[in-house]
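Heavy-atom basis, side chains included; hydrogens, waters and symmetry copies ignored.
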Amino acid sequence: MDKTIPYLALAGVVGVGLIGGLLFVFSNFAMRAFACLPEGEGMRAMQEINRAILNPLFLVLFMGTTLVSTASVAMGLVHTGAFGGQGHPAAPGMIAGGLLYGVGVFGVTAGRNVPLNNALDRADPASEAGRALWASYLRVWTRWNHVRVVCAMVSVLAYGRVLWVL
């Protein structure tokens, strides 16, 4: 057995769990709370959060978990038995955990949520266009965030299964 598998799976559980928990907060109550604030205040709050989150600790966690996920997929593929040798029972969980985070969290963040955040950052909360953008942003950003939360939850389960079968 490759001795790196349990370390990658543990790093996956912790990293994806932390990121997934953060995303869950937004899906569960933060976005609803922002929507209830007086006109422009929720939008301004989200603009500030989007700026504040780009800090070294978050970026190391988010990108580090992306690297762990990439390594997990590679490790899982190597241990499927498809490239010769015997398959490993942890391989499917490593592949699933890595893909769920890599595509469902990182990919959705980069392809959907970040472009919405960038558009929100350029908008003026006091303008008609800004208010219209905010109404759409609340709905669309939150929908994509729900996808990220579900993918993170299932990724944690996949990494947990890896630790279970070891």
Within a 6.0 Å radius of atom OH on Y7, are there more than 12 heavy atoms belonging to other residues, nucleotides or ligands?
no

For T65, all residues meeting side-chain contact (heavy atoms from CB on, under 4.5 Å), sequence neighbours excluded
V16, L61, S69, Y101

Supply the atom-to-atom distance F58 CZ to I19 CD1, rounded to the nearest 0.5 angstrom.
4.5 Å

Are L22 and I53 packed together at the side-chain level, in the sense that at least one heavy-atom pair is separated by less than 4.5 angstrom?
yes

Nearest heavy-atom pair of A52 and N55: which atoms, and what distance?
O-ND2, 3.1 Å

Say you draw a straight line from CE of M31 to OH of Y137; how long is it, rounded to the nearest 0.5 Å?
5.0 Å

Not counting sequence neighbours, which residues clear ring-ring contact (aromatic ring centres under 6.0 Å, His included) with F24? List them please.
none

So which heavy atom on G97 is nearest to which on A158, and how close?
N-CB, 3.6 Å

The test is side chain to side chain contact (heavy atoms under 4.5 Å, CB included); show your working for F26 and T142 and say whether it passes.
CA-CA 8 Å; F26 282 88; T142 303; over 6 Å; no

Determine whether V162 and L100 fall in the same hydrophobic cluster, where Ile, Leu, Val, Met, Phe, Trp and Tyr are linked whenever their side-chain heavy atoms lie under 4.5 Å apart.
no

Taking ILVMFWY side chains as joined if any heavy atoms are under 4.5 angstrom apart, and letting links pass through other members, which residues group with V25?
F29

Without swapping roles, check the side chain of N50 against the backbone of Q47 for a donor-acceptor pair under 3.5 Å.
no

Can you name the nearest heavy-atom pair linking L8 to A71, along with the distance?
CD2-CB, 3.9 Å

Would you say V154 ends up clustered with V149 if hydrophobic residues are merged whenever their side chains have heavy atoms under 4.5 Å apart, either directly or through other cluster members?
no

Do M153 and L163 belong together in a cluster built from hydrophobic side chains that touch within less than 4.5 Å?
yes

Can you name the ring-ring contact (aromatic ring centres under 6.0 Å, His included) partners of F106, sequence neighbours left out?
F62

Stepwise, does the side chain to side chain contact (heavy atoms under 4.5 Å, CB included) test hold for Y159 with V156?
CA-CA 5 Å; Y159 280 125; V156 166; 5.9 Å; no

Looking only at heavy atoms, what is the nearest atom pair of L133 and A119, with distance?
CD2-O, 3.5 Å

Give, for atom CG of N117 and atom CE of M46, the distance between the pair rounded to the nearest 0.5 Å.
5.5 Å

Heavy atoms only: give me the nearest P125-M43 pair and the separation to one decimal.
CA-SD, 3.6 Å

Atom CE in M94, atom OG1 in T80: separation rounded to 0.5 Å?
12.5 Å

Separation of R143 CZ from L138 CG (nearest 0.5 Å):
11.5 Å

CG/N113 to CG/N118 distance, rounded to the nearest 0.5 angstrom?
11.0 Å

Taking every non-hydrogen atom, the tightest pair across C151 and V105
CB-CG2, 4.2 Å

With sequence neighbours left out, the residues meeting salt bridge (Lys or Arg N to Asp or Glu O under 4.0 Å) with E39 are R131

Run the salt bridge (Lys or Arg N to Asp or Glu O under 4.0 Å) test against R51 and tell me which residues pass, sequence neighbours left out.
E48, D121

For residues L37 and L120: do they belong to one hydrophobic cluster (side chain heavy atoms under 4.5 Å, members Ile, Leu, Val, Met, Phe, Trp, Tyr)?
yes

Cluster check W164, I95: I/L/V/M/F/W/Y, side chain < 4.5 angstrom:
no

If the plane angle is over 60° it's perpendicular, under 30° parallel, otherwise tilted; pick one for H88 and H79.
perpendicular

